[in-house]
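Numbers here are sequence positions counted from 1.
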Amino acid sequence: MAEKKRFIIGGFEFETYYEYRAAQEDVKKIECINEELDIQDPEVALRLYNDIRDGIITFNSPIGAQYTDHVADIVANKSAGLLDDREIIEEAATKAKSSRRLGLIFVATAVVLVGIYATVEIRDVLETRRIAKEIAQRQEEIASQDTNNSQNNVKINNESADIDSVENSNGDNQQEETTASNDITEDLIVSPWDTNYAPEDREILADLQDLYNENHEFVGILEVVDTDINYPVMQTPNDPEYYLRRDFYGNDSTAGTLFVDYRCDIVNPTTNTIIYGHNMRSGTMFGGLKRYLDYDYYQSHKTIIFKTLYEEQEYQVVGVGLSAVGYDDDDSYKYYDFINAVTGSELQEFLDNIQSLSVFDETIDISATDKILTLSTCNSYTEDGRMFVVAKRVK
């Protein structure tokens, strides 16, 4: 019998991966608090304890609970002597006034930090919108030259962009790029990764069995190597967006949980497997995908591991694109509707269109034998904007 996987932080052991992730988040909060506050100061400790008690600061693991007890001990031990006589009471009142002033400083600092954060966010949005606008303009220019081609291959050269400012290295002198997509010459699509299993014939991987036992809607773990993206992935064919606002256990959650498109097949993978996740400002879930708009980051973070219930799959990132959600009654191409290709022409249509939506000036290297993984998230460069990262299977 396979040994149960252990999730350990310090002296704490967690039964589930989800509890382990909650503990990691609590550790980050505690580190931030300890860096910013002197909790050995009785007044600071008391204010911190009240914030925890009132739910202003929340913890979701035994590590957070232990830290709360630690703060309570400091309050109990260091505040007890403050009420011994009148002089100390008055001194405590004076200190309370100072602490209130200190509190105002903390609030002012927080406002400044939020302002800086908002400025960075706004700048990122504006730069992303600029990229999308240039893509759209070039599509229109090429369309006017070739009216028979409704989807055109328009690129943005972004080789030296900084992560906080997706500026084009060529500036206003940038020349039009029209990199073409690969040509698919095969009539029928056949991949070495194609399988034909019955669900009961596939054995669940031993190290995923415990998570599957906790929730049968769990289908794997997605890891984008050398990033913070390392999360369980769900699938609910009968309720496609069930995990949009729910955590692993089905509880309400703003961040939601990563989930696979209901049309995709985990047992016998379809041509394209699509995984959706929220673009969280905190960077959790798919909040970190926007870093792929930087060319250097894109080049240095190519490996994705999708460990499904049945096998570990490795993918190589081959493209990044921006698009808007198309309405049912319009003719715009919807990259998220491409799930399976039987013929070469079906795959060619997908390649031509994602090539036209690509952020970078290079051919998206996908052939007729490839299985594809698409990570999709929101992007506010336009109303109902989307960003996607495309990868092909290599192992």
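- For the pair A341 and L347, the tightest heavy-atom approach, listed with the atom from each and the gap, is CB-N, 4.1 Å.
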Dump the intermediate steps for side-chain contact (heavy atoms from CB on, under 4.5 Å) on L211 and I221, then the final yes or no. CA-CA 10 Å; L211 283 172; I221 293 177; 4.0 Å; yes
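- The side chain to side chain contact (heavy atoms under 4.5 Å, CB included) test with V260 singles out one residue from D265, T236, I275, and that residue is I275.
- Between N279 and K290, the closest side-chain pair of non-hydrogen atoms falls below 4.5 Å.
- The CD1 atom of I266 sits 6.0 Å away from the OG1 atom of T308 when rounded to the nearest 0.5 Å.
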Requested in this report: Run the numbers on T257 and Y231 for side-chain contact (heavy atoms from CB on, under 4.5 Å), then give the verdict.
Outcome: CA-CA 8 Å; T257 308; Y231 295 107; over 6 Å; no
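- No more than 12 heavy atoms of other residues, nucleotides or ligands lie within 6.0 Å of OH in Y197, so this atom counts as exposed by the packing criterion.
- Pairs engaging residues 385-395 under the salt bridge (Lys or Arg N to Asp or Glu O under 4.0 Å) rule: E311-R393, E314-K395, D365-K392 [sequence neighbours left out].
- I305 belongs to a hydrophobic cluster with V225, counting contacts under 4.5 Å between side-chain heavy atoms of Ile, Leu, Val, Met, Phe, Trp and Tyr, direct or through other members.
- In this structure, D247 contributes its side chain and S253 its backbone to no donor-acceptor pair below 3.5 Å.
- Between Y333 and F350, the ring-plane angle classifies as tilted under the 30° and 60° cut-offs.
- V318 is not listed as a side-chain neighbour of D370, based on a closest heavy-atom distance of 4.5 Å or more.
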Evaluate E214 against F248 for side-chain contact (heavy atoms from CB on, under 4.5 Å), listing each step before the verdict. CA-CA 9 Å; E214 290 187 51; F248 179 87; 4.0 Å; yes
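- Here I63 contributes atom CD1 and K29 contributes atom NZ; the two are 12.5 Å apart, rounded to the nearest 0.5 Å.
- No continuous path of ILVMFWY side-chain contacts below 4.5 Å connects V394 to L222, so the two sit in separate hydrophobic clusters.
- Atom OG1 of residue T195 and atom CG of residue D201 lie 11.0 Å apart, to the nearest 0.5 angstrom.
- Contact check for L289 versus I229: side-chain heavy atoms found under the 4.5 Å cut-off.
- T270 pairs by the side-chain hydrogen bond (donor to acceptor under 3.5 Å, both in side chains) definition with nothing, not counting sequence neighbours.
- Residues that satisfy the side-chain hydrogen bond (donor to acceptor under 3.5 Å, both in side chains) test with T363, not counting sequence neighbours, are absent from this structure.
- Under the ring pair (Phe, Tyr, Trp, His ring centres under 6.0 Å) criterion, the residue pairs touching residues 257-278 are F259-Y276, with sequence neighbours excluded.
- Here the CG atom belonging to D228 is positioned 10.0 Å from the OG atom belonging to S282, to the nearest 0.5 angstrom.
- Taking a 6.0 Å sphere around OH of Y49, one finds it holds 12 or fewer heavy atoms contributed by other residues, nucleotides or ligands.
- Residue-environment remark: CD (E203) stays at or below the threshold of 12 foreign heavy atoms within 6.0 Å.
- In this structure E186 satisfies the side chain to side chain contact (heavy atoms under 4.5 Å, CB included) test together with I184, A368, sequence neighbours excluded.
- Two residues are said to be in side-chain contact when any heavy atoms from C-beta on lie closer than 4.5 Å; M387 and V359 fail this criterion.
- In this structure, D26 CG and I57 CD1 are separated by 11.5 Å, a value rounded to the nearest 0.5 Å.
- S356 and N353 form no side-chain donor-acceptor contact under 3.5 Å, judged by distance and modelled atom types alone.
- In this structure, V342 is not a member of the same hydrophobic cluster as W193, with clusters built from ILVMFWY side-chain heavy atoms closer than 4.5 Å.
- N379 places no side-chain N or O within 3.5 Å of a backbone atom of G385 that could act as its donor or acceptor partner.
- Every residue meeting the side-chain hydrogen bond (donor to acceptor under 3.5 Å, both in side chains) condition with D337, not counting sequence neighbours, appears here in chain and number order: R263.
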_V320 vs F360, test: side-chain contact (heavy atoms from CB on, under 4.5 Å). Steps then yes/no._
CA-CA 7 Å; V320 180; F360 303 121; 4.0 Å; yes
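- Across I204 and Y310, no two heavy atoms sit closer than the pair CG1-CE2, 4.1 Å.
- More than 12 heavy-atom neighbours from other residues, nucleotides or ligands sit within 6.0 angstrom of CG on N34.
- Residues that satisfy the ring-ring contact (aromatic ring centres under 6.0 Å, His included) test with F286, not counting sequence neighbours, are absent from this structure.
- Ring centroid separation for the pair F306 and Y315 does not come in under the 6.0 Å cut-off.
- Applying the side chain to side chain contact (heavy atoms under 4.5 Å, CB included) rule to D187 yields no partners; only residues at least two apart in sequence or on another chain are considered.
- The closest side-chain heavy-atom distance from Q313 to T273 is not below 4.5 Å.
- Counting heavy atoms from C-beta outward, R246 and N251 have side chains that stay 4.5 Å or more apart.
- No side-chain heavy atom of I274 sits less than 4.5 Å from a side-chain heavy atom of F388.
- Residues Y298 and G319 approach most closely at OH-N, 3.9 Å, considering heavy atoms.
- A donor-acceptor contact under 3.5 angstrom links the side chains of T271 and N340, judged on distance only.
- Aromatic rings from Y292 and Y297 are positioned such that their centres are separated by under 6.0 Å.
- Nearest heavy-atom pair, V219 versus Q235, reported as atom, atom and distance to 0.1 Å: CG1-CB, 3.9 Å.
- Closest approach of G344 and I189 over heavy atoms only: CA-CD1, 3.8 Å.
- D194 is listed as a side-chain neighbour of K371, based on a closest heavy-atom distance under 4.5 Å.
- For residues 216-226, the side chain to side chain donor-acceptor pair (under 3.5 Å) pairs, not counting sequence neighbours, are E217-Y243.
- To the nearest 0.5 Å, atoms CG (L351) and CD1 (I372) are separated by 6.5 Å.
- Under the side chain to side chain contact (heavy atoms under 4.5 Å, CB included) criterion, S345 pairs with T343, not counting sequence neighbours.
- Within 6.0 Å of CG on D252 lie no more than 12 heavy atoms contributed by other residues, nucleotides or ligands.
- Residues K307 and L205 come closest through the heavy atom pair CG-CD1, 3.7 Å.
- Partners of D183 under the side-chain hydrogen bond (donor to acceptor under 3.5 Å, both in side chains) rule, at least two apart in sequence or in another chain, do not exist in this structure.
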